[in-house]
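Throughout, numbering of the chain's residues begins at 1 and tracks the sequence. Order of appearance sets the numbers: ligands from 1, and atoms from 1 within every ligand.
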Amino acid sequence: MHDESARSVAVTKHAVVIAGGGPTGLMLAGELALARVDVAIVERRANQDLAGSRAGGLHSRTIEVLDQRGIADRFLSQGKVMQVGGFATIPLDISDFPTRHNYGLALFQDRIERILAAWVSELAVPIYRECEVTGFAQDDTGVDVELGCGRSLRATYLVGCDGGRSLIRKKAGIDFPGWDPSTSYLIAEVEMTGEPQWGIRRDDKGIHGLGKLEDAKRVRVVSSEQHVKQGDEPTVDELREALIAVYGTDYGVHNVTFLSRFTDTTRQAASYRERRVLLAGDAAHVHSPAGGQGLNIGVQDAVNLGWKLAQVVNGLSPESLLDTYHAERHPIGACVLKTTMAQTALNRGDERTNALRETMSELMKMDEPRKRYAARMSGLDIRYDLGTGHPLLGRRMPDLDVVTESGPRRVFTLLHDARPVLLNLGEPGALDIAPWADRVERVDARYAGAWELPVLGVVAAPAAVLIRPDGHAAWAGGGTDHGLRDALTTWFGPPTAP
Ligand SMILES: Cc1cc2nc3c(=O)[nH]c(=O)nc-3n(C[C@H](O)[C@H](O)[C@H](O)COP(=O)(O)OP(=O)(O)OC[C@H]3O[C@@H](n4cnc5c(N)ncnc54)[C@H](O)[C@@H]3O)c2cc1C
């Protein structure tokens, strides 16, 4: 074979290839790199620039998972901390919630992506940019990944983080059941000659909003259309018509730098795994942006999957660990689909829906419903079904201020390396985890304060907690090691022989 053609079919190997370097793919790459997995991203775009602003911020639990990796400050320093939570625009305040981050963060998606990309670059993850995954074939030992830029990759696992129209999902033959759109919106970034009516407005067609962009000069328009339309490329005339239909004027709209359409199409992948191929983020679920959930649950999918995939790739855990990714995250996605559909219905502006929204608004002002829905929208209520036991089991470990042998520490700082931790708050040295000592760090510590969880309130103090790298409690002990060996084996693989 001629040298040139031999080079063009050269195959580069990686343990994991991620299709798509949006928020989900970048977060997943960071998680895998922390676990020393050879991971690469293939991304169609040349950089993290986005046409339009898309997601407007982060919810509390997403800030917490970033804090668990020691990178939350990078985001907090660029955004605006505020109460961002709401349900169909009914505000939900979480300032009394038991979390260090009892707020959300207003920060546009391109900024979020740039920060994540910088982190991933520090972790030396290669990104094949301006390059598309065009197909793949999986066999018993790996996946051949075809790229459109004259390269071929071979991976042990391929993860589709390639957005709502995911090629990976389609080529893997994974069903995407759900609901066609019931409404469509135009979204635009423009200048206006006249002073518009700022804020949200409802009519019988739905919800419309005009807000100032960061430079305070340009306007972000979101307007629901008179009839459901599809297609990403609406015209400026359609935008003018939509404005006139709602406001009676187009406010002299000009200099339209971004114009797109989105809908409330609601679908979820039937399975998040097809043998060596996995899905995360929008590739696994799409829904209306109501409530600002998509980016947030994509990042959290990545944090659930990352350590599990790393353990399987590193030969510590059997492949069946990957099935817990679907088992845990599919119900979370299904719940988000349901709450976005409920919000879409409540956002209609006819008199009956207005009456229903006012009723809901009264309910949401009551403490119990507010806490329940605010926890849901902020991601603080997530509980993976790990069986019965202490209320902490399957829930997020709170970021307690503990005192360790080396001094005061926040629990989240123990998770910076994305490794599991056995936090022993009882007799120092009491719990023997020697057969897992290569994978699980035991930290002896003292903590005298209350254990307060979102929604549940104060719970009994456990004597020890086995914390997974994603921050969820895999085991909570009451003073003995009952069940600890099983939990260690289930989540972190069989014991190492002495
Ligand atoms: C108007 C609007 C407002 C929103 N507001 C919010 C909000 O406030 N909060 C929130 O949490 N979410 C919000 N979202 C949703 C959020 O934007 C998405 O959920 C989020 O971008 C999903 O991230 P992702 O990484 O899974 O997918 P994407 O961001 O779609 O990233 C996929 C990446 O894969 C790349 N790609 C695709 N195909 C290929 C291929 N074959 N090969 C290589 N690369 C490929 C793409 O270039 C892209 O970079 C909003 C969305 C819209 C439209």
Side-chain angles (χ1 to χ4, degrees), residues 17-29 40-63 79 84-86 104-110 112-114 116-117 127-136 145-149 151 153 158-171 184-189 209 211 220-224 232 258-265 269 279-302 305 333 336-337 340 343 377-379:
V17 167
I18 298 173
T24 308
L26 291 168
M27 190 72 209
L28 180 61
I41 297 176
V42 182
E43 169 54 51
R44 179 189 282 158
R45 291 181 285 158
N47 52 45
Q48 301 307 137
D49 286 354
L50 283 173
S53 33
R54 291 188 78 179
L58 300 175
H59 286 291
S60 172
R61 180 58 190 155
T62 313
I63 303 171
V84 297
L105 184 73
L107 183 66
F108 281 121
Q109 181 161 341
D110 55 345
I112 294 170
E113 290 195 18
R114 277 191 205 113
L116 285 172
I127 306 188
Y128 300 96
R129 284 202 179 271
E130 295 181 89
C131 193
E132 267 186 21
V133 175
T134 51
F136 66 85
V145 187
E146 285 166 35
L147 307 191
C149 51
R151 280 176 176 271
L153 303 178
L158 170 66
V159 190
C161 298
D162 51 341
R165 293 181 184 143
S166 172
L167 174 129
I168 306 299
R169 185 188 67 234
K170 289 176 194 156
K171 296 252 176 197
S184 63
Y185 292 82
L186 293 180
I187 179 166
E189 292 176 10
R220 187 194 210 200
V221 182
V222 180
S223 186
S224 80
D232 285 345
F258 166 66
L259 175 58
S260 185
R261 175 179 282 124
F262 66 88
T263 72
D264 67 333
T265 299
L279 301 177
D282 275 17
H285 36 70
V286 294
H287 48 79
S288 140
Q293 299 287 298
L295 181 151
N296 284 269
I297 67 162
V299 167
Q300 291 170 37
D301 284 348
L305 175 60
V336 168
L337 260 54
T340 57
Q343 290 177 86
M377 301 306 288
S378 58

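Atom 37 (C) of ligand 1 has D162 O, 3.4 Å as its closest protein atom, hydrogens excluded (heavy atom only). Nearest non-hydrogen protein atom to atom 2 (C) of ligand 1 is P289 CG, 3.9 Å. From the protein, the heavy atom lying nearest to atom 12 (N) of ligand 1 is L295 N, 3.1 Å. At the shortest separation from atom 5 (N) of ligand 1 among protein heavy atoms lies A55 CA, 3.3 Å. Looking from atom 18 (C) of ligand 1 to the surrounding protein, the closest heavy atom is D282 OD2, 3.4 Å. Annotation: atom 42 (N) of ligand 1 to nearest protein heavy atom, V133 N, 2.9 Å. Counting only heavy atoms of the protein, atom 34 (O) of ligand 1 lies nearest to G20 CA, 3.2 Å. Scanning the protein heavy atoms around atom 24 (P) of ligand 1, the nearest turns out to be T24 OG1, 3.3 Å.
Of the residues listed (L158, L147, I41), the one engaging V17 in a side-chain contact (heavy atoms from CB on, under 4.5 Å) is L158, and it is the only one.
Checked by distance only, ligand 1 and F262 stay at 3.5 Å or farther apart across all their nitrogen or oxygen atoms. Residue contacts with ligand 1: G164 is placed with no nitrogen or oxygen under 3.5 Å of a nitrogen or oxygen of the ligand (distance criterion only). Here's the thing with E132: none of its N/O atoms is less than 3.5 angstrom from an N/O atom of ligand 1. Close N/O approach between Q109 and ligand 1 is found [any backbone or side-chain N/O within under 3.5 Å]. In terms of polar-atom proximity, R45 is counted as a contact of ligand 1, with an N or O under 3.5 Å from an N or O of the ligand. Residue I187 has no N or O atom closer than 3.5 Å to an N or O atom of ligand 1.
Residue-ligand proximity, G292 to ligand 1, at heavy-atom distances under 4.0 Å covers atoms 7 (C), 8 (O), 9 (N), 10 (C), 11 (O). Within ligand 1, the atoms closer than 4.0 Å to a non-hydrogen atom of G281 are 26 (O), numbered from 1 in the order shown. Every atom of ligand 1 is numbered from 1 in the order shown, and the set under 4.0 Å from a heavy atom of C161 is 32 (C), 33 (C), 34 (O).
Nearest residue to atom 3 (C) of ligand 1 from R165, R54, R261 is R54 (criterion: closest heavy atom). The option with the heavy atom closest to atom 47 (O) of ligand 1, from among E43, M27, R44, is E43. When the options C149, G163, A283 are ranked by their closest heavy atom to atom 30 (O) of ligand 1, first place goes to G163.
At least one heavy atom of C131 sits closer than 4.0 Å to an atom of ligand 1. Ligand 1 does not have A19 within reach: every non-hydrogen atom of the residue lies 4.0 Å or more from it.
Minimum interatomic distance between C161 and L28 (heavy atoms only, all atoms of both residues): SG-CD2, 4.1 Å. In terms of heavy atoms, D264 sits closest to S288 at CB-CB, 3.7 Å. Across Q343 and G86, no two heavy atoms sit closer than the pair OE1-O, 3.9 Å. Nearest heavy-atom pair, A19 versus V133, reported as atom, atom and distance to 0.1 Å: CB-CG2, 3.7 Å.
Note: R45 CZ to N47 CG = 7.5 Å, rounded to the nearest 0.5 Å. To the nearest 0.5 Å, the span separating CE on M27 from CG on D301 amounts to 11.5 Å. Of the inter-residue distances, the one linking I18 atom CD1 with L26 atom CG reads 8.5 Å to the nearest 0.5 angstrom. Residue Q300 holds its CD atom at 6.0 Å from CG of N296, rounded to the nearest 0.5 Å. Between atom CZ of residue R54 and atom CG of residue D110 there is a gap of 11.0 Å, rounded to the nearest 0.5 Å.
We find that R165 and D282 are not joined by a salt bridge, their nearest charged nitrogen and carboxylate oxygen being 4.0 Å or further apart.
S378 is not listed as a side-chain neighbour of R61, based on a closest heavy-atom distance of 4.5 Å or more.
Put simply, the side chain of S166 never gets that close to the backbone of D162: no donor and acceptor are under 3.5 Å apart.
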